J.: 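Pasting a structure here, questions to come.
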Amino acid sequence: MMVERWHRLVGKRSEAVENLVEKGAVRKFAEAIGDANPLYLDEEVAKRSRYGRLLAPPTFPRTFDYGRIENLGSPDIGLLHGEHRIRYERPLFVGEEIRCYTRVTDYREKQGRGGLLVFLITERVGEDTEGRRIFTMEDVAILTPEIRGVVER
Amino acid sequence: MSAAGPAWSVGEKIEGRRLPPITRLQLIKYAGASGDYNPIHLVDEDAKRAGLPGVIAHGMLTAAMLASPFSPYLEHGYIREMRVRFSKPVYVGDELHIGGRVSGAEVLQTGNLYTFEVRAERGEETVASGTVGFLVYRAENDRG
């Protein structure tokens, strides 16, 4: 059993990474989720709105680079997504420079029918360039025995 | 410029949305747009190795669907908080129905915060559920 490998990650944090909320990336993302809201896409409409500028969709922060956590491995190899939370302090705008980082906040395990299930809880944060928080995400990743077999190999 | 923002009453149902079947192309597009190239969303063999019958939709794509009924109100407010629990995998070909109801209304300094219970269903089965907190700004002249 190599579950210790995961447990040891709790408390680990990445270095903050600068990200730009790019207009083209927002357009592509809005298209992929099938939401053609003009406040995401149309500069003229956005200019006349209360915001005066384009916004990013609420689930867009998934696209940012939050930096690497040592020994987490490639987070894109087969993790199942159990839960997602996001909390905004204010809306996110196109053209903003933001600083992002991630932290492993908790580890849990549960005996499932097919073996031990490992739950990793991570927090991902986006701040403005002055360090004021814009959003906080919390995600629960589930590692099934099959997935751990692939990743731990 | 615009009329007053929306107002809901507790217990009220939101207008549901019946979505077209999930396609493989949609998952490829979402992978490209989000940068999430987890192979369990794209390659059947990798999904099978992870113990699944075939590729599954990205959880965050389902989350985006759960947020979609609130998009038309963006001029008057925004999603301040969202919580989603992904309870069942979503497969290619699944037809999801997005629905919800108002579970709370609260007056804050910044506006009215409405809480919604939302769910994505495949037939009778719930595949994802959670809450959305939508803040309607206090007054139209209190800009941005």
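Values in this document were obtained by computation on a predicted structure and should not be read as measured data. In what follows, chains are A, B, ... by sequence order, proteins preceding strands, each numbered from 1.
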J.: On a heavy-atom basis, which atom in A:Pro58 and which in B:Ile79 lie closest, and how many Å separate them?
T.: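 Taking every non-hydrogen atom into account, CG-CD1, 4.0 Å.
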
J.: Tell me, with the steps shown, if B:Asp36 and A:Thr63 meet side-chain contact (heavy atoms from CB on, under 4.5 Å).
T.: CA-CA 8 Å; B:Asp36 183 348; A:Thr63 67; over 6 Å; no

J.: Which one of B:Glu81, B:Arg80, B:His58 has the most heavy-atom pairs closer than 4.5 Å to chain A?
T.: B:Arg80

J.: Just wondering, do A:His84 and B:Met60 contact through their side chains at under 4.5 Å, heavy atoms?
T.: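 Yes, side chains in contact.
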
J.: For B:Arg85, does the CZ atom have more than 12 heavy-atom neighbours from other residues, nucleotides or ligands under 6.0 Å away?
T.: no

J.: Just wondering, are more than 12 heavy atoms of other shown residues or ligands nearer than 6.0 Å to CD in B:Glu15?
T.: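 No.
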
J.: Are more than 12 heavy atoms, taken from residues, nucleotides or ligands other than A:Arg108, located less than 6.0 Å from that residue's CZ atom?
T.: no

J.: Hey, quick one: are A:Met137 and A:Leu92 part of the same hydrophobic cluster, counting side-chain heavy atoms closer than 4.5 Å, chains of contacts allowed?
T.: yes

J.: Search all heavy atoms of B:Met82 against all heavy atoms of A:Thr59 and return the closest pair with its distance.
T.: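 Where B:Met82 meets A:Thr59 most closely, the heavy atoms are CE-CG2, 3.7 Å.
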
J.: Taking all atoms of both residues into account, what is the closest heavy-atom pair of A:Tyr40 and B:Leu74, and its distance?
T.: CE2-CD2, 3.5 Å

J.: Side chain from CB out, backbone as N, CA, C, O: work out which of these in B:Leu19 comes under 4.5 Å of a heavy atom of chain A, or both, or neither.
T.: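 For B:Leu19, no heavy atom lies under 4.5 Å from chain A.
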
J.: Rounded to the nearest 0.5 Å, how far apart are OG1 of B:Thr131 and CZ of A:Arg85?
T.: 8.0 Å

J.: Membership question, hydrophobic clusters at under 4.5 Å side-chain separation (ILVMFWY): are A:Ile98 and A:Val94 in the same one?
T.: yes

J.: Just wondering, more than 12 heavy atoms not from A:Arg124 lying within 6.0 Å of its CZ?
T.: yes

J.: Quick check on the structure: residues of residues 15-29 of chain A within a heavy-atom distance below 4.5 Å of chain B, by number.
T.: A:Lys28, A:Phe29

J.: With the 4.5 Å side-chain cut-off for hydrophobic clustering, are B:Leu66 and B:Tyr78 part of the same group?
T.: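 Result: yes, single cluster for both.
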
J.: Sort out for me which of B:Ala64, B:Ala63, B:Pro89 touches chain A most, counting heavy-atom pairs under 4.5 Å.
T.: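 Of the candidates given, the most pairs with chain A belong to B:Ala64.
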
J.: In terms of heavy-atom pairs under 4.5 Å, which option from A:Thr136, A:Leu55, A:Ile33, A:Ile86 contacts chain B the most?
T.: A:Ile86

J.: Does any heavy atom of chain A fall under 4.5 Å from the side chain of B:Ala67, the backbone, both, or neither of them?
T.: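 Answer is side chain: those atoms of B:Ala67 sit under 4.5 Å from chain A.
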
J.: Determine whether the side chains of A:Asp35 and B:Ser68 contain a donor N or O and an acceptor N or O closer than 3.5 Å.
T.: no

J.: When clusters are formed by joining ILVMFWY residues with side-chain heavy atoms under 4.5 Å apart, either directly or through shared neighbours, do A:Val10 and A:Tyr101 land in the same one?
T.: no

J.: Would you give the length of the straight line joining atom CG of A:Asp139 to atom CZ of B:Phe86, rounded to the nearest 0.5 angstrom?
T.: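 It is 7.5 Å, given to the nearest 0.5 Å.
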
J.: Ignoring hydrogens, what is the shortest heavy-atom contact between A:Arg50 and B:Glu75? Give both atom names and the distance.
T.: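 Looking at all heavy atoms of both residues, the shortest contact is CD-O, 2.9 Å.
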
J.: Supply the atom-to-atom distance A:His81 NE2 to B:Asn38 CG, rounded to the nearest 0.5 angstrom.
T.: 11.0 Å

J.: Between B:Ile56 and chain A, with a heavy-atom cut-off of 4.5 Å, which part of the residue counts as in contact: side chain, backbone, both or neither?
T.: side chain

J.: Below 4.5 Å from any heavy atom of chain A, which atoms of B:Leu61 appear? Answer side chain, backbone, both or neither.
T.: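 Only the side chain of B:Leu61 comes within 4.5 Å of chain A.
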
J.: Honestly curious: do A:Phe135 and B:Leu113 fall in one hydrophobic cluster under the side-chain, below-4.5 Å linking rule?
T.: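 Yes: a chain of side-chain contacts under 4.5 Å links A:Phe135 to B:Leu113.
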
J.: Answer yes or no: is there an ion pair linking B:Lys29 with A:Glu31, defined by an N-O contact shorter than 4.0 Å?
T.: yes

